[in-house]
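Only one structure is covered here, and it is reproduced in the block below.
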2 protein chains.
Amino acid sequence: MNIENTKAQMRKGVLEFCILSILSDGDAYPTEIIERMKMARLVVVEGTLYPLLTRLKNMDLLSYRWEESTSGPPRKYYRLTETGTAFLRELEATWDQLVASVEQVTHKSHPTALDAAVPFNPQPAPAPEPGQQPNNHTSTNDNTETL
Amino acid sequence: MNIENTKAQMRKGVLEFCILSILSDGDAYPTEIIERMKMARLVVVEGTLYPLLTRLKNMDLLSYRWEESTSGPPRKYYRLTETGTAFLRELEATWDQLVASVEQVTHKSHPTALDAAVPFNPQPAPAPEPGQQPNNHTSTNDNTETL
DNA sequence: ATAGGTACTATGCAACACATAGTACTAAAG
DNA sequence: CTTTAGTACTATGTGTTGCATAGTACCTAT
């Protein structure tokens, strides 16, 4: 019911893909990554990004170096490793597959094989046999299944 | 590093959208939903689907009724409520936005405004000022930040 | 010295996909 | 009749990650 929660759930696993992709363009430090993603209307907060970068680094997908800044404290520039580059390709394939699957499920894009194979009746036309259980009442919020 | 785990994370929040969408086509019982999604290469397991259906029902997005089966035990047919239909529209918008955002981040689809606004240098060209900290060594797995 | 801005670290929580174990119902087989 | 197999659903615990929150550290300006 909470669309914001669902939005957060949908982002799980996706941010990793986005970060690796950004870094495939070249080194960056966290604030740049945040800005880059905000541009694409993917707002990431620090509590998410820093632990995520650390995890990716611990998995050898990223490396980093410290660099002095002329306008504040030093910055931690991250860079994609070769392992990270390879993993990014896998992520891309995984994401593309997911998008295709969701597209297929939600937009009925392939009515041919899908309709033919699915044992699916849009409306169960036959009423239940009279005199048998369960009693066919549509329970909206009624959890007492009469069975 | 584990692509299977990332795949599972990516699915979070998405399955809800798929299920509501399937039910927008008409009533269905769990096995039908599983089959429908398997057709789209979205393999969902019972331990995921049943609790999810229950959650959606508890949120008034679904209703259900029992129906006798001629080939086994009775089945629980789920149906989208009006609330569910409205929420499905929100989910669709949310998903589309996410896809668009990821597309933008990962494929650099908008080089104009994106490149102009992002304080992002692909390669920090200037070497760090000599004689200053931190010592600029690229730490691959070296966690001892000399700072 | 203090304040403000920037950058990073640490920690706990909620939610959900998944794995696993179990119960219940029906039809077929012995 | 009982047992077996297949189908359908329920219950519960775990691991992972986005998010919220609190805190530390560094640099510059006042």
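Lettering follows sequence order; numbering is per chain, from 1.
Side-chain atoms of A:Q97 and A:S101 form a donor-acceptor pair, as typed in the model, at a separation below 3.5 Å.
A donor-acceptor contact shorter than 3.5 Å links the side chain of A:T81 to the backbone of A:L61.
In this structure, B:K76 is not positioned above the aromatic face of B:Y29 in the sense of NZ or CZ being under 6.0 Å from the six-membered ring centre and within 45° of the axis.
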Can you name the atoms? Protein N/O to nucleotides 2-4 of chain D N/O, anything below 3.5 Å, with the distance.
none

Pairwise N/O distances under 3.5 Å, protein to nucleotides 6-9 of chain D:
| residue | atom | partner | partner atom | Å |
| --- | --- | --- | --- | --- |
| D:dA8 | OP1 | B:Y29 | OH | 2.8 |
| D:dA8 | OP1 | B:R75 | NE | 2.8 |
| D:dA8 | OP1 | B:R75 | NH2 | 2.8 |
| D:dA8 | OP2 | B:T31 | OG1 | 3.3 |
| D:dC9 | OP1 | B:K76 | N | 2.5 |
| D:dC9 | OP2 | B:Y50 | OH | 2.9 |
| D:dC9 | N4 | B:E46 | OE1 | 3.3 |

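In this structure, the CG atom of A:L53 is 14 Å from the P atom of D:dC19, given to the nearest Å. If you take CD of A:E32 and P of C:dT6, they are 14 Å apart, rounded to a whole angstrom. Per the geometry, CD belonging to A:E35 stands 10 Å off P belonging to C:dT6, to the nearest Å. When the C1' atom of D:dT16 is taken as reference, atom CD1 of B:I3 falls 15 Å away, rounded to whole Å. In this entry the distance linking CD1 of A:I34 with P of C:dT6 reads 12 Å, nearest Å. Distance CG (A:L56) to C1' (D:dT16): 13 Å, rounded to an integer number of Å.
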The contact string for nucleotides 11-18 of chain C, one letter per nucleotide 5' to 3', using protein heavy atoms under 4.0 Å with B, S and - for base, sugar-phosphate only and none, comes out as ---BBBSB
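The minimum heavy-atom distance linking B:L91 with A:T6 is given by the pair CD2-CG2, 3.4 Å. For A:L53 against A:Y78, the heavy-atom pair with the smallest separation is CD1-CE1, 3.6 Å. Across all non-hydrogen atoms, the minimal contact from A:S24 to A:L88 is CB-CD2, 3.7 Å. Annotation for A:W95 and B:V102: closest pair NE1-CG1, 3.5 Å, computed over non-hydrogen atoms.
By the 4.5 Å heavy-atom criterion applied to side chains, B:V45 and B:T48 are counted as neighbours. When side chains are defined from C-beta on, A:L15 counts as touching A:M37, because their heavy atoms get closer than 4.5 Å.
With rounding to the nearest 0.5 angstrom, the CD atom of A:E103 is 10.5 Å from the SG atom of B:C18.
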CA sep, side-chain torsions, deciding dist, call: A:L42, A:R36, side chain to side chain contact (heavy atoms under 4.5 Å, CB included): CA-CA 9 Å; A:L42 268 176; A:R36 179 83 175 266; over 6 Å; no
